[in-house]
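Right, one structure below, let's go through it.
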Amino acid sequence: MKAIINTDASNTISKIDNRIYGSFIEQLGRAVYTGIYQPAHPEADEEGFRKDVIRAVKSLHVPLIRYPGGNFLSQYKWEDGIGPKDQRPTRLDIAWRELETNQFGLHEFMHWSKKVGAVPNMAVNLGTRGIQEAADLVEYCNFPSGTKLSDLRVKNGDPKPFAIKTWCLGNEMDGPWEIGTKTASEYAHLANETAKAMKQVDDSIELVACGSSSLDNPTFGTWEETVLDECYDNVDYLSLHRYYGYYGDDDPTELDNFLAKNEDLDQFISGVVAMCDAVQARKRSSKQINLSFDEWNVWYHSNDADNKIKPWQVGHHLLEDVYNFEDALLVGSLLMTLLKHADRVKIACLAQLVNVIAPIMTDTDGGVWLQSIYYPFMQMATYGHGVVLNSSVDVPTYNSRQFKNVPLMDSVTIYNKDANELIVFAENKSQHENADLSINPTSFDIDHVIEATQFYGYDVKADNRDGKMAIRPLASVELTGENISAKLEPLSWNMIRMAVK
Ligand code: AHR
């Protein structure tokens, strides 16, 4: 199959907001306890954080981390997680039916996120709590000192304000599973009043309102409209959540359909953008609402195991999906789809980061291992910076059971002006054919190929528990005159970085 990418410096989608490579830590399962925090582990630092996990998270280059949930958030009291550890209460986490010891809380998260080089995306509980508790949390975190709550932060060891910029107004408040689910109008009113109060405390913050927690929720559409109608002036982003897998009647051998699921993500984003813009037009507003896709991933492998878990333990093995090679290919395509909407998707969070539906796993008594999905995410988060080009791509398409006209090769091209690099990420979804790729970098004078790699050659159902998966060189890349060519193997993830003269 022939695949031609024509790029042009003047035809761009948008500059990438690096927060599109964000991730998520929820106080759930082993994300925190025996994940990022394990004081008795030989790799623990002076604060009890695992240094091997810190190294792995740093290698993924996530710039923003959402915290503390998730469903956990909607019943959480942030005050339980501050102050001397021996005085913190153990509570029932009624969202996930775990025991929460609160040995890891707000200050620990802030210290840990600094160590991994990420900024926080903090969330306030609008399930069981409301305006006052949210405003109090902003005061505790961001007010310099001289008030009861800011002085308490100082007393608890952090004299400098945390200066948290981005905040989520609750989590999945449309979901029937959520503690404190609300109707669209109940949520809209509460979110708007909470937003006003939080911005009264600190007007430099930006706020994310809950959109639909899934495209499948029956309230999708009316929820967005109702929430934005009321909150438009006081919020900055609308959230989206979406997970993929073989669900319901899906046939687990239907690979062509599975690999095309990024088309669903594309439609979801376009639909929500249209709704934001419809409200903007109706309000005759000059303000644009952007999107925070603050939960996305593959999630289905662990569902059966999770149903068998005994409740009320600390750090259950919950949501521990073991990802295979086809999941990595889908994650690559999902992330490319987010980038193709970089004009509106400013924040996105791979859900989640450690142990819980995560690219990074820990052995309680041993080390760290990396899942298949780590690799495409790591490459894009490391090198995918700059401007997304609106390339025209000439490639054959296919039809699967759910999706029509799916490109057999999915790709995204990025120009990084600071590094003077053109970067192509390309995934060959064909199960049998090579993609003979030709890149015509119109208006870019390519000096040489810096690096070309491929992630390929594994059984689609193989996982990386044995640590054998790796990114390898893509030897077939050639620069001839103005043209770059490469042979992309069937079912492969590829990256080509080119130096521009
Ligand atoms: O990421 C796992 C869960 O998925 C989160 O707690 C919730 O927000 C979503 O339903």
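Each ligand, and each atom within it, is numbered from 1 in the order the structure gives.
Protein residues are said to neighbour a ligand when one of their heavy atoms lies under 4.0 Å from it; for ligand 1 these are Phe24, Glu26, Gly70, Asn71, Trp96, Asn171, Glu172, Tyr243, Glu295, Trp299, Leu319, Gln352, Ile357.
The side-chain hydrogen bond (donor to acceptor under 3.5 Å, both in side chains) test applied to Thr181 returns no partner, not counting sequence neighbours. Evaluation of the side-chain hydrogen bond (donor to acceptor under 3.5 Å, both in side chains) rule for His241 yields Glu172, Asp294 as partners, not counting sequence neighbours.
Counting heavy-atom neighbours within 6.0 Å of Lys468 NZ, excluding the residue itself, gives a total of 12 or less.
Counting only residues at least two apart or on different chains, the salt bridge (Lys or Arg N to Asp or Glu O under 4.0 Å) pairs with a member in residues 184-193 are Glu193-Lys196.
Side-chain atoms of Trp167 come within 3.5 Å of backbone N or O of Ile164 as a donor-acceptor pair.
Counted by atom type alone, Glu320 and Ser302 present zero donor-acceptor pairs between their side chains at under 3.5 Å.
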